[in-house]
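Only one structure is covered here, and it is reproduced in the block below.
All values below come from the heavy atoms of this structure, side chains included, with hydrogens, waters and symmetry mates left out. Below, chains carry the letters A, B, ... as their sequence lines are ordered, and counting in each starts from 1.
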2 protein chains.
Amino acid sequence: MAAETKTDRRVLKTRKAIMAAFLELFLEKEFEHITVLDISERADVNRGTVYLHYMDKFDLLDQCIGEHLEGLAAFCGLHVLSTESVTPVSELKRVFDFFQTNFPFFSALLAKKQTTLFREQLLAFVSSNLRQKLDAQVSRPEVDNELNAQFMASAFVGIVEWWILHGMPHTSLYMAEQLHLLLNRNGIYTSKGMNREGTH
Amino acid sequence: MAAETKTDRRVLKTRKAIMAAFLELFLEKEFEHITVLDISERADVNRGTVYLHYMDKFDLLDQCIGEHLEGLAAFCGLHVLSTESVTPVSELKRVFDFFQTNFPFFSALLAKKQTTLFREQLLAFVSSNLRQKLDAQVSRPEVDNELNAQFMASAFVGIVEWWILHGMPHTSLYMAEQLHLLLNRNGIYTSKGMNREGTH
DNA sequence: TGGGTGTTGTTGAATATTGAACATTCCCCA
DNA sequence: TGGGGAATGTTCAATATTCAACAACACCCA
């Protein structure tokens, strides 16, 4: 794993303040109109200090997204999940719950055709997590985990995107159930169902 | 005015954090049981940093009281008060309101026979403010403003102390009215005679 | 009673943050 | 369309904060 050097208390506080300030501003105005000065003032930090930690405001946005994804992982306990099924409804529900609680952020993110940036990260994240889980399972030799992960992740991200852009018209539980149905109905391999059909 | 040297952003943030942490702890445990380590941890600040700004926790308490008194002054606008009457009911009410909003702090302060420390500061503060106001008024030669201020301040502090220690059994308005009556009934000089209104 | 434990102030060197300046680029509007 | 005022990155010396260590002391309890 990464060295994970113990970081000074000051940098932690500063990063936290900057992130919080940026997030606030991001929910208030258009990203393009947010200025580094805005951020530094809101965070009560010298403007130069921002550049000390982030390349520019795009990097800031990147890392902000990154932290949210980490939050997603933590919230869902994706890593330490039991090995039974790839996507039990209860777990899927937790995922949708997470997006629900952070709705303002993700909504703003998707709304402004900044979309690509975010979709890429989310897709990569989900795909990677799925892949990890698939590999950990007893896998059937004929299933390409790489492709499987990519397939499921794409579908998943698409559903989430639709859900958010439409203002979350359904409950997280409903979404979880539907997604679960869709995944299984399309013959995606899960170690629980065993009901797969031939890869075509 | 005082030089009021512009202070670095860091010291302001640090002082604020330490004060907030101390105040929290003060409302949670006995002052004697609060440790400097407690404070520094709660404030997310190095222990040494506390000593960089305060002599010890007693000094911290002192300054905490001081800030509250400054807050009182700001809240009541005592300094910039109109010159009409020393103690119009409306102003007295603001004072009691202030103590009410900061009840937990003052209550804790008075409850623990640390009393003397606080009473002294409060008395000095009130007395000084009153004195200032009396001097600014057209004073009658036969009245000793010094004595007058001391007298009124003592009575005032006593009333406040009673009010807080008894759990604020009356509204701030009621207290203000009563105090106003008491002050006037005892023949304390106020420019009541000049009770003209509308000069404002 | 004595030792272990935790608290207190105080150091010194390492590091992060600050404020101020700078040249450059961006972009609004006259 | 050009100019002027903001915003951008970057630098520097000054300063505040950090971490780790220290000796001295207080307190508790075995």
Is any side-chain nitrogen or oxygen of [X] closer than 4.0 Å to OP1 or OP2 of [N]?
X: B:Thr49; N: D:dT17; value: no
X: B:Asn46; N: D:dC19; value: yes
X: A:Arg9; N: D:dT17; value: no
X: A:Lys13; N: D:dT18; value: yes
X: B:His53; N: D:dT17; value: yes

With under 30° as parallel and over 60° as perpendicular, where do the rings of A:Phe105 and A:Phe26 fit, or are they tilted in between? tilted

Report the relative orientation of the aromatic rings in B:Phe99 and B:Phe156; use parallel for angles under 30°, tilted for 30 to 60°, perpendicular for over 60°. tilted

Run the side chain to side chain contact (heavy atoms under 4.5 Å, CB included) test against B:Arg10 and tell me which residues pass, sequence neighbours left out. B:Asp8

Mind checking side chain to side chain contact (heavy atoms under 4.5 Å, CB included) for B:Ser128 and listing every partner two or more places apart, or none if nothing turns up? B:Gln132

Residues that, via side-chain heavy atoms closer than 4.5 angstrom, fall in one hydrophobic cluster with A:Leu12: A:Val11

Could you list, one pair per line, each protein nitrogen or oxygen that sits under 3.5 Å from a nitrogen or oxygen of nucleotides 12-15 of chain D, together with the distance?
| from | atom 1 | to | atom 2 | distance (Å) |
| --- | --- | --- | --- | --- |
| D:dT15 | O2 | B:Arg10 | NH1 | 2.9 |
| D:dT15 | O2 | B:Arg10 | NH2 | 3.1 |

Tell me every residue that passes side chain to side chain donor-acceptor pair (under 3.5 Å) with [X], counting only those two or more places apart in sequence or in another chain.
X: B:Glu24; answer: B:Arg42
X: B:His33; answer: none
X: B:Asp44; answer: A:Arg9
X: B:Lys93; answer: B:Asp97

Boundaries of the DNA chain C segment in contact with chain B, non-hydrogen, under 4.0 Å: C:dT7 to C:dG19

Counting only N and O atoms by type, is there a donor-acceptor contact under 3.5 Å from the side chain of B:Lys57 to the main-chain atoms of B:Thr35? no

Does B:Thr49 use its side chain to pair, donor to acceptor, with the backbone of B:Val45 at less than 3.5 Å? no

To the nearest 0.5 Å, tell me how far B:Leu52 CG sits from B:Arg47 CZ. 12.5 Å

For the helix from C:dT1-D:dA30 to C:dA30-D:dT1, how many degrees between its two end axes (five pairs per end), to the nearest 10°? 40°

Indicate for each nucleotide in nucleotides 3-8 of chain D, in 5' to 3' sequence, whether protein heavy atoms under 4.0 Å reach the base (B), only the sugar-phosphate (S), or nothing (-). ----SB

Excluding sequence neighbours, so at least two apart, what forms ring pair (Phe, Tyr, Trp, His ring centres under 6.0 Å) with B:His170? B:Tyr174

